[in-house]
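Chain letters run A, B, ... following the sequence lines, proteins first, then strands; residues in each count from 1.
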There are 2 protein chains.
Amino acid sequence: MSTAVPSRREELLAIAARLFAEKGFRNTTVRDIADAAGILSGSLYHHFDSKESMVDEILSTFQNELFGQYDEILASSEDARAKLERAVRVSFEAIDKHPHEVAIFQNDADHLGSFSRFGYLADRNTQSRQVWVTLIEEGMRTGVLRPDLDVTLTYRFIRDTVWVAVRWYRPGRGLTHSDVADQYVRILLDGIAQPSRRR
Amino acid sequence: MSTAVPSRREELLAIAARLFAEKGFRNTTVRDIADAAGILSGSLYHHFDSKESMVDEILSTFQNELFGQYDEILASSEDARAKLERAVRVSFEAIDKHPHEVAIFQNDADHLGSFSRFGYLADRNTQSRQVWVTLIEEGMRTGVLRPDLDVTLTYRFIRDTVWVAVRWYRPGRGLTHSDVADQYVRILLDGIAQPSRRR
DNA sequence: GACCCTACCAAGCATTTGCTTGGTGTGGCA
DNA sequence: TGCCACACCAAGCAAATGCTTGGTAGGGTC
């Protein structure tokens, strides 16, 4: 949660998030962050315990917000197709609003997850899997999705296609996140082949 | 090209490739590589000029092989749908045979590409884009693919969904690369929605 | 005017990093 | 037996890394 006028601490976190996203967590030095903020590296330790605690705060804040939205979708009473579509849209919205946080999670979660401090990353991963798998299974059960899908593979397909977009999507340039979501949902649900030529 | 009995040099490259893939290029130290090989870090420099030249050799060898296969597909006389399918299959085969090389390219190409020595990485990227865009446009022109696709977005969608699989696919465990390609091609071309409920 | 609080500086320390240098052991070949 | 190529060791160096310590400047409060 950021206040209207961001505190110095929040400014520094935003700078760190950008650098972590651009260069990776381990390849970003505390001197990089300090330089970008116009201060000396030691001064960062007035605001934060460690480099790890910075990325910790960045990721946990973001994930709390995101999973709150997933929970809302799961609890809604729409049909599975609509819920799937909403989940995809919420994800693209997250890429639009928090591209750095998404990039850090995509690139560094594996490495960070090996420290007990970041155990919640694995939990969130499990939780995310449950969200998608639940929606896919509900869709197959209710006849909205093909009955012959491999659930696990379909889950990975959706998860990957959505989040990997953070690699090329740039907020405010070209298509909006909503445009991209439109196209992605369309391809995901109906494919790229000409319907009349379906095999 | 590796000989039947790999030379020590090739053994060391394979060890380095595995570590670069697991931990990233910059986060892998020459001591990590040497430890895994059972020698001292300085001894690596009997075989290689630098850490960079190791990753250079790993990536360029792999890409030469891969793009040779793409060229064959483009030159064939099948229809666009068959060619697209073959290109997807060749890519999954590459993930199966060279998972470390693919992972390194996915994770470190951006960073390495900023050095002039690795300029060929950007060239290969452009070349890859041309392969996919050519096939997509041919498909749309010949009526095999929907005519309303956004070519660039579709290209990114295909590229990303294929290569990102290197994150979870493990050769020799569970589904084969051919099984995965089957499912991915199916979803890509025809979508996950129940055909009778298409909108 | 005395006191704090926030934000920062200046200097440095221990460790890790890529890489260098000069030397050693071993097997094969003449 | 002498020689050589290959693979490696032992020791270390300069730079970069995360973090620590003691201090300073400025604004607000009583």
Show every donor-acceptor pair shorter than 3.5 Å between a side-chain atom in residues 148-157 of chain B and any protein atom, with sequence neighbours excluded, or say none if there are none.
from	atom 1	to	atom 2	distance (Å)
D148(B)	OD2	R186(A)	NH1	2.8
D148(B)	OD2	R186(A)	NH2	3.3
D150(B)	OD1	T152(B)	N	3.1
D150(B)	OD1	L153(B)	N	3.0
T154(B)	OG1	D150(B)	O	2.7
Y155(B)	OH	R159(B)	NH1	3.3

Please list every donor-acceptor pair under 3.5 Å in which a side-chain atom of residues 101-110 of chain A meets a protein atom from a residue at least two apart or in another chain.
from	atom 1	to	atom 2	distance (Å)
N107(A)	ND2	A103(A)	O	3.1
D108(A)	OD2	F25(A)	N	3.0

Collect all protein-nucleotide pairs involving nucleotides 26-29 of chain D in which both atoms are nitrogen or oxygen and the distance is under 3.5 Å.
none

Collect all protein-nucleotide pairs involving nucleotides 17-21 of chain D in which both atoms are nitrogen or oxygen and the distance is under 3.5 Å.
from	atom 1	to	atom 2	distance (Å)
dG18(D)	OP1	T28(A)	O	3.4
dG18(D)	OP1	K51(A)	NZ	2.7
dG18(D)	OP2	V30(A)	N	2.9
dG18(D)	N7	R31(A)	NH1	3.0
dG18(D)	O6	R31(A)	NH2	3.0
dC19(D)	OP2	Y45(A)	OH	2.6
dC19(D)	OP2	K51(A)	N	3.0
dC19(D)	O5'	Y45(A)	OH	3.3
dC19(D)	N4	S41(A)	OG	3.3

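At least one side-chain heavy atom of E65(A) sits less than 4.5 Å from a side-chain heavy atom of K97(A).
E10(A) has its CD atom 15 Å from the P atom of dT6(C), to the nearest Å. Put simply, NE2 on H47(B) is 17 Å from C1' on dG18(C), counting in whole angstrom units. Look at CG on D35(A): it is 15 Å from C1' on dC8(C), rounded to the nearest Å. At whole-Å resolution of the value, CD in E11(B) and P in dA7(D) are 10 Å apart. For the pair L44(A) CG and dC9(C) C1', the interatomic distance rounds to 13 Å; values are reported in whole Å. In this structure, the CG atom of L40(A) is 21 Å from the P atom of dT6(C), given to the nearest Å. In this structure, CZ of R9(B) is placed 16 Å from C1' of dA5(D), rounded to the nearest angstrom.
Judged as a salt bridge (charged side-chain N to carboxylate O under 4.0 Å, His left out), the pairs with a partner in residues 13-42 of chain A (not counting sequence neighbours) are, in order, R18(A)-E22(A), K23(A)-D32(A). Legend: salt bridge (charged side-chain N to carboxylate O under 4.0 Å, His left out) pairs involving residues 39-54 of chain A, not counting sequence neighbours, sorted by first then second residue: E52(A)-R117(A).
Looking at residues 104-113 of chain A, you'll see that no heavy atom sits under 4.0 Å from any atom of DNA chain C. For the contact set between residues 17-24 of chain B and DNA chain C, defined by any heavy atom under 4.0 Å, there are no members.
Under the side-chain hydrogen bond (donor to acceptor under 3.5 Å, both in side chains) criterion, Y120(A) pairs with D56(A), sequence neighbours left out. Partners of V131(B) according to the side chain to side chain contact (heavy atoms under 4.5 Å, CB included) rule, which considers only residues two or more places apart in sequence or in another chain, are Y70(B), L74(B), L135(B). With sequence neighbours excluded, the residues satisfying side-chain hydrogen bond (donor to acceptor under 3.5 Å, both in side chains) with Q127(A) are R124(A).
Using a distance-only test at 3.5 Å, with no hydrogens or angles considered, no donor-acceptor pair links the side chain of E137(B) to the main chain of T134(B).
Dashed line: the shortest gap from a side-chain N or O of H46(A) to OP1 or OP2 of dC8(C) is not under 4.0 Å.
Hydrophobic cluster membership of V164(A), counting Ile, Leu, Val, Met, Phe, Trp and Tyr whose side-chain heavy atoms lie under 4.5 Å apart directly or via other members: V164(B).
Connection of I58(A) to F67(A) is not established within any shared hydrophobic cluster, with ILVMFWY side chains joined at heavy-atom distances below 4.5 Å, either directly or through further cluster members.
Ring planes of F92(A) and Y184(A): perpendicular class, angle over 60° (limits at 30 and 60°).
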- Query: Could you walk me through whether T176(B) and D179(B) pass the side-chain hydrogen bond (donor to acceptor under 3.5 Å, both in side chains) check?
  - Reply: CA-CA 5 Å; T176(B) 68; D179(B) 293 336; 3.2 Å; yes
